[in-house]
There are 2 protein chains.
Amino acid sequence: MDRPELGFLLSRLMREVMAREKPILDAAGLEMWDYAVLTALADSDAPTQAQLAAATGRDKTRLIGNLDRLEAEGMVVRQPDPADRRNRIVSLTPAGSRVLRRCREAIEAMEAELLADLDPADRAAFQRALTALVENDR
Amino acid sequence: MDRPELGFLLSRLMREVMAREKPILDAAGLEMWDYAVLTALADSDAPTQAQLAAATGRDKTRLIGNLDRLEAEGMVVRQPDPADRRNRIVSLTPAGSRVLRRCREAIEAMEAELLADLDPADRAAFQRALTALVENDR
DNA sequence: ACATATCGTCTACGCCTGCTTACGATCTAC
DNA sequence: GTAGATCGTAAGCAGGCGTAGACGATATGT
């Protein structure tokens, strides 16, 4: 047979990565989407909920539930935008930042282990190519 | 911020690949899962339905519907296994092979275009690394 | 002042998912 | 031959998903 297709390989690898992330997030009491939201929050400042939904790819009505829970657990706050009070600006609390940082470290360690068997040059090229591809079709 | 995480990059790229595959499969009257099934069928010979479910990662009870439709459209046949008549052996018909080959060609062209901007050495390393990673944790 | 649009929220719809249970047909072990 | 396991199938369940419609609060254009 031919070389397996990109979609096939990506879905397999994706499944593996998610399987390895799950115990880490479970330990922190986070769901996948919570983590995506926290990450997006750390990377962009003062996003409105609509912007946050767009950034994470989550439906805006689904996002609400995640924010409700994250806010109840004190990881996130929603504040009315002084410039346009229809908007609610979401931001990380120190507690949220702390949880996020701890998860991120564990996940980076997991990723390093996952990629450990690769030839170092290939690993660098892999990450470079992946990043370029994602940025390309933004 | 840090380098984006593997899971983040993979999900983005995956989304893009699937978005580009969809029109191709639509034109052939196939759903994503149909294509995955046909591909798995071409790569392994004489699988039982349970093996096919395992190979594609689809739930065995969900697979039934796909096979029903593919069989109704003459792309696939189910035959009782002479060695164990509980099993049903699934195989591609010539028509199924033809449809699959046409889709595969279109998808490979799409992938080539997607990867076209990469540095050739990076592209080769990317594919090599991706394949190695998937085979690694099988 | 008034009409129109946007934002966040809630509710409901239909679709797809994996999981579970049950069933008949069939194989295997004893 | 009888008991138990396995295969494909059907049906039902809970949960996730995006979408759409409605609503109050708010902003904007005229």
Side-chain angles (χ1 to χ4, degrees), chain A residues 7 11-12 14-16 18-19 21-22 25-26 29-37 40-41 44-72 75-91, chain B residues 7-8 11-12 14-16 18-19 21-22 25-26 29-37 40-41 44-72 75-92:
Chain A
S11 71
R12 291 300 173 126
M14 182 82 196
R15 203 179 306 177
E16 177 68 17
M18 282 184 21
E21 271 185 21
K22 184 151 192 324
L25 297 182
D26 280 355
L30 294 179
E31 299 180 9
M32 286 283 183
W33 275 115
D34 296 335
Y35 183 65
V37 167
L41 230 33
S44 68
D45 41 20
T48 167
Q49 291 187 202
Q51 291 167 341
L52 196 53
T56 54
R58 186 144 176 85
D59 187 88
K60 88 176 169 165
T61 70
R62 297 280 154 188
L63 180 63
I64 295 175
N66 294 96
L67 291 180
D68 285 347
R69 200 155 28 75
L70 289 174
E71 193 170 30
M75 303 193 200
V76 140
V77 284
R78 279 187 271 209
Q79 292 161 311
D81 180 353
D84 182 343
R85 297 214 306 284
R86 291 171 302 182
N87 293 342
R88 312 270 245 127
I89 291 186
V90 189
S91 46
Chain B
F8 173 81
S11 71
R12 291 300 173 126
M14 182 83 195
R15 203 179 306 176
E16 176 67 17
M18 281 184 23
E21 273 186 18
K22 184 151 194 320
L25 297 181
D26 280 354
L30 294 178
E31 299 179 8
M32 286 283 181
W33 274 114
D34 296 335
Y35 183 66
V37 168
L41 229 34
S44 68
D45 41 22
T48 167
Q49 291 188 202
Q51 291 167 341
L52 196 53
T56 55
R58 186 146 176 81
D59 188 89
K60 91 177 169 164
T61 68
R62 296 283 154 189
L63 179 65
I64 296 175
N66 295 95
L67 291 179
D68 285 348
R69 200 156 27 76
L70 289 174
E71 192 170 31
M75 302 194 200
V76 141
V77 284
R78 279 188 270 211
Q79 292 161 313
D81 181 352
D84 182 342
R85 297 213 307 284
R86 291 172 302 182
N87 293 342
R88 312 267 247 127
I89 291 184
V90 189
S91 45
L92 278 177

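Computed from a prediction, not measured in an experiment: that's the story for all the values here. Each chain gets a letter, A, B and so on, in the order the sequences are listed, and its residues count up from 1.
Close to C/dC7, at under 4.0 Å from its OP1 or OP2, lies no side-chain N or O of A/Thr48.
The two atoms that bring B/Val90 and B/Val76 nearest to each other are CG1-CG1, 3.7 Å, heavy atoms only.
Here the P atom of nucleotide C/dC7 and the CG atom of A/Leu63 are 14 Å apart, to the nearest Å. Atom CD in A/Gln79 sits roughly 14 Å away from atom P in C/dG8 (whole-Å rounding). Rounded to whole angstrom, the span from the CZ atom of A/Arg69 across to the P atom of C/dT9 amounts to 15 Å. Rounding to whole angstrom units, CE of residue A/Met18 and C1' of C/dT17 are separated by 13 Å.
With sequence neighbours excluded, no residue forms a side chain to side chain donor-acceptor pair (under 3.5 Å) with A/Glu21. Residues passing the side chain to side chain donor-acceptor pair (under 3.5 Å) test with A/Ser91, sequence neighbours excluded: none. Every residue was checked against the salt bridge (Lys or Arg N to Asp or Glu O under 4.0 Å) condition with A/Asp45, not counting sequence neighbours, and none meets it.
Think of the region where chain B sits on DNA chain D: with heavy atoms and a 4.0 Å cut, that region ends 5' and 3' at D/dA5 to D/dG12.
In this structure, the separation between CG on B/Leu67 and CG on B/Leu63 is 4.0 Å, given to the nearest 0.5 Å. Separation of atoms CZ (A/Arg58) and CE (A/Met32) is listed at 12.5 Å; rounding is to 0.5 Å. To the nearest 0.5 angstrom, A/Asp81 atom CG is 5.0 Å from A/Asn87 atom CG.
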Hey, what are the protein-to-nucleotides 19-29 of chain C N/O distances that come in under 3.5 Å?
{"residue": "C/dC27", "atom": "OP1", "partner": "B/Arg85", "partner atom": "N", "Å": "3.0"}

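Applying the salt bridge (charged side-chain N to carboxylate O under 4.0 Å, His left out) test to every pair with at least one member in residues 60-71 of chain A, sequence neighbours left out, gives these pairs: A/Glu31-A/Arg69, A/Asp34-A/Arg69, A/Asp68-A/Arg78, A/Glu71-A/Arg78.
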